[in-house]
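In what follows, a structure is listed as structure tokens, so that the remarks can point back to it.
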Amino acid sequence: MKKSICVFLMWMLIFSFSSKAEGNIDIKIDAGFDGKGKIGTMIPVRIQVESKKNIDGNLKIQTENRVYDHPIQLYSNSKKEFFFSIPIFNGKEKIQASIEENGKILEKKSKNIKVLPTETVFIGILSDDFSNHYLKEYKDDIFLKNTQIISLHKKLNDEEILNAISLIVIDNYNTKNLTDQQQSFLKNWVSSGNTLFIETGEHSYKTLTGIFSNAKEPIKVGKGFVVPIKDTQAFENILYSYINDDFIEKVVKKDSMEERIQNSMNLYTVIDEMKKPSEKTALFLLVGLFIYLIILAVFIYVENKKWIFTITIFGFSILFYVLSWWGGFQKDEWMKASIYVHDPILRTYDLLYGSPAQKDNISLKYEASFIDGIDGQNYKIDPIEKNINFPKKKDVEYILYQEKNENEQIINISVEFIDKDKISANIENPIPETLENAFFVIGDSIIPIGNLEGKENKKINITLKHDLKNLGDYNYLEKIYEKANLKEDQKEMFSYYFYNIEDPCSGKLIGFSKGKEEILVNEKNKKIKNKICNVFPVNMNFKNKVYIPSGMIKPIFTSEMMEKKECLLENTPLEIYYSIPSEVLVENIKITTKQEGGYMKLMVYNFSMNQWDLLTNTSLNKENLQNYISKGFLKIKAEGDARMSIPQISLEGNIR
Amino acid sequence: MELLNINRHKKGMILFYVLMMSIMWIMYLFMNIIGNTYEIQIYERAYLYLMIFSFLLYTGILLVWEYEKDFIKNCVEIVIFTFSIIPILLTIFMSGKIPIQNIFLPLFMEIFWGIGLISTKKKISQMKIPSVWKNFIVMIFIFMFIIVSSILLYCYYEYASLVLTTVYDKDIPIYFFLNPVLSFIGTLYMQVGGGNQMGAKPIYIYFIFWALWTFVMNISNSQECSQ
């Protein structure tokens, strides 16, 4: 009896499962890198919908705090695949995809994503032998404490997802299978400061094709490296010779994508400035009125044609009316405030503002890798078609934040170090518009340049004055504003760049320009005004001796506080990393810092003995130096209870 | 073409009118706009205040405006007088980048008021009273309509403890809207964003009343008379 009940229950169980499979719609979700993602980055998502009957509805994708919509049409017995990428912000993320038709949910499915913390190093692998790859459990004590290997095969549809990847290794893989677009994604990724390892051992016939054909020796591409390796042992030995500060930042610094979105409202001041009617308009119109008065007065005295007075009145009325329609005196409907960071790949951070006179639904097409509405309106973001639909409301303002990558531009701004604090700069304005209030930030010095005309070439000699040394955040920014003579909206843009994007200490030329851009609204091109803060990289050249001035090597650290130039140590130690450029044979390093109140001690990590040493006057001398920078970077720890300015280093050496 | 001729004195008055409005606009510009933060309301208020000022100045000028014998010519002259201010209004809108309001509605209200006033002047001058009193009566007429009815409205407001949120408020009895200034201000206020609780009723009443008044004033038109 008991046996038959068990069999009966078992059959019921099997039937219940099979009845589920008989549903009309089947959704398959493949999210993240094998279901994993790194917090604060974009993950690739693939959704496959298979249906037995016709569907004409909406595909809705939900994460913890965002909803995306895409209209979907399927014929019976067909399937469709969608590829897109979305950001993950929370420690726990779940993707839920549902198909709705006429307000009714036909089918839904969800999938959990394992969100890994910032310290996880994602290693992207392109290999035919992924499951047994030698890097699977790779660990070391320096940065690769938590690693996660990820297969990039068939995932390279979107450039943005590579931001989560710290290293890429290509071995035993047919690089001929990579499309031109995928190869350019990899090239841009390397240019932004990342390292790519490519095998030149037994499978070199597969790997060394296309853009990798001539990889015989490590080459520098942009800010990053393409390094050929023969086998696994080589990876361990040379990894730390080819990393730079971008690698360290990805591991050490917490993600700031959510902060960038929230703080982008600060850029609204710039939009406000653009909304203002210019005083020139009022003056121009006053001149028009003046002419009107003069002509009326004249025609009082002219007696021949008495009707001219009347005709004048009507004529001027019609003239002003026509002017108000065509003269460009209407309200601007869309405006943009942007930060353009050339790094050397141009990445733009935009605040897009719109207040259209709305009669119908408005749909805006965007090309950005990421866009988000930040004022709580009900935007319908469609990441598959890259469209935003605005709800139909009267007199509403829309504010959106977007980030995107654009093509690389050749920048010819170089600086040559003649002597310790003397440099000669060769500046070419890369954009056709005027660069207003341009200035250099090199280490802890600010050098104002003034206005540069479009494509203007300028050569100047500069003495570094170190006027930004040991200044806290507020004084640092105030000094820059004062020396560069910035206007209110320019101050706001620079402040947003400084706090949310990067510290310009490694040598940047910053200037402000006004441009016009095109956006696609309801399938029509619209020209909109754009105020831009441009950040250009500066090439540093050294003649024989290398003098890197104080503050130029960016201190990389992570802290709960917002401050970038100072830190309040309250008995929690702060670890700071400085990446030493691999081209330099370092002879000596100097550290400067300022301490206020309390007590503090600095320690430096000794890689040969794997311990923390107290930092003294002789620690960083020529004899002891190798212990501390053998892995290509310097690691400092500050402990105590004081307010300190983040230590800056200056170094001297020779070119390797 | 004869219709479009205007007397030289009137041309001077029109010039004075436009000049005063331009000066007021420039003064407003320097006081409120240049040097202050931008607010779209400043320009809408400019439109409101300048139109009210223009109405009062318009009424003042009409006191000494000579009327013509031909009714149509009168109308045309008043229309030209009223429209002479259009470039200034458009300047306000263009400087402030605000969408252009329907300026013809208040302008037509001014035209109806102007024609009514001129017809009244004509009728009074035809009556058999000493000429000294004729101007006086016109002035009393304007005084009663504009100022006294406003005072009566204020007294009613205090007496009945009205709570008014806008000019076209439904608590105000309809008779007060015969006051041209009130209707005029109400229309302007409605255009710049104030509420309108009475729909288009006051506007209809205004136009119908002043059309009838003009008609009545012009009935006994056939007699030739001296100005």
Side-chain angles (χ1 to χ4, degrees), chain A residues 269 271-333 335 355 357 395 397 488, chain B residues 1-26 28-30 32-40 42-43 46 76-77 79-101 103-104 107 193:
Chain A
T269 326
I271 304 279
D272 237 356
E273 279 284 323
M274 282 200 278
K275 276 204 255 177
K276 256 200 218 184
S278 67
E279 284 157 12
K280 284 188 198 153
T281 321
L283 283 173
F284 168 72
L285 292 169
L286 278 181
V287 167
L289 277 183
F290 190 62
I291 296 176
Y292 176 51
L293 282 168
I294 299 275
I295 293 189
L296 280 184
V298 160
F299 285 134
I300 291 183
Y301 289 99
V302 167
E303 290 282 332
N304 330 355
K305 297 174 177 125
K306 293 204 171 178
W307 39 265
I308 262 201
F309 191 82
T310 316
I311 297 295
T312 316
I313 293 184
F314 282 118
F316 265 86
S317 305
I318 294 177
L319 178 70
F320 271 69
Y321 219 76
V322 164
L323 203 61
S324 67
W325 272 75
W326 286 349
F329 292 107
Q330 285 135 330
K331 189 171 73 149
D332 288 307
E333 289 189 340
M335 283 178 272
S355 67
D395 293 336
E397 296 182 334
E488 285 304 320
Chain B
M1 273 310 159
E2 260 304 307
L3 215 56
L4 296 178
N5 284 355
I6 308 186
N7 188 337
R8 197 161 174 197
H9 304 131
K10 291 179 190 164
K11 286 186 194 169
M13 288 184 213
I14 294 179
L15 181 65
F16 174 74
Y17 180 54
V18 178
L19 187 64
M20 280 310 293
M21 292 313 297
S22 305
I23 293 176
M24 289 306 292
W25 165 235
I26 293 175
Y28 189 89
L29 202 64
F30 279 102
N32 284 341
I33 292 175
I34 293 183
N36 283 3
T37 54
Y38 170 69
E39 266 179 339
I40 203 169
I42 290 184
Y43 290 93
V76 170
E77 286 187 353
V79 164
I80 295 169
F81 180 29
T82 319
F83 280 6
S84 63
I85 208 183
I86 289 183
I88 301 181
L89 295 181
L90 291 176
T91 305
I92 301 177
F93 294 130
M94 283 197 270
S95 309
K97 288 193 177 186
I98 53 180
I100 297 184
Q101 313 283 5
I103 53 173
F104 286 108
L107 286 177

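So you know, we letter chains A, B, ... as the sequences are listed, proteins then strands, and number each from 1. Please read these numbers as outputs of a predicted model, since none were measured by experiment.
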(Q) Can you confirm whether more than 12 heavy atoms, excluding those of F284(A), are under 6.0 Å from its CZ atom? (A) no
Q) Relative to chain A, which segment of I92(B) carries a heavy atom at a distance below 4.5 Å: side chain, backbone, both, or neither? A) neither
Residues 312-320 of chain A side chain polar contacts: donor-acceptor under 3.5 Å, at least two apart:
from	atom 1	to	atom 2	distance (Å)
T312(A)	OG1	I308(A)	O	2.5
S317(A)	OG	I313(A)	O	2.8

Q) Where is the tightest heavy-atom contact between M94(B) and L323(A), given as atom of each residue plus distance? A) SD-C, 4.0 Å
Q | Under 4.5 Å from any heavy atom of chain A - which part of I14(B) | A | side chain
**Q.** Residues forming a salt bridge (Lys or Arg N to Asp or Glu O under 4.0 Å) with K10(B), sequence neighbours excluded
**A.** E68(B), E77(B)
Q) If you measure from CG on L19(B) to OH on Y292(A), what distance do you get to the nearest 0.5 Å? A) 11.5 Å
Q) Looking only at heavy atoms, which two atoms of S22(B) and L289(A) are closest? And how far apart? A) OG-CD1, 4.5 Å
Q) If you take all heavy atoms of L15(B) and L293(A), which pair is closest and at what distance? A) CD1-O, 3.8 Å
Q: Please examine the side chains of L29(B) and L286(A), heavy atoms only from C-beta on, and report whether any two atoms are closer than 4.5 Å.
A: yes
Q: Could you have a look at L285(A), L283(A), D272(A) and say which one has the most heavy-atom pairs with chain B under 4.5 angstrom?
A: L285(A)
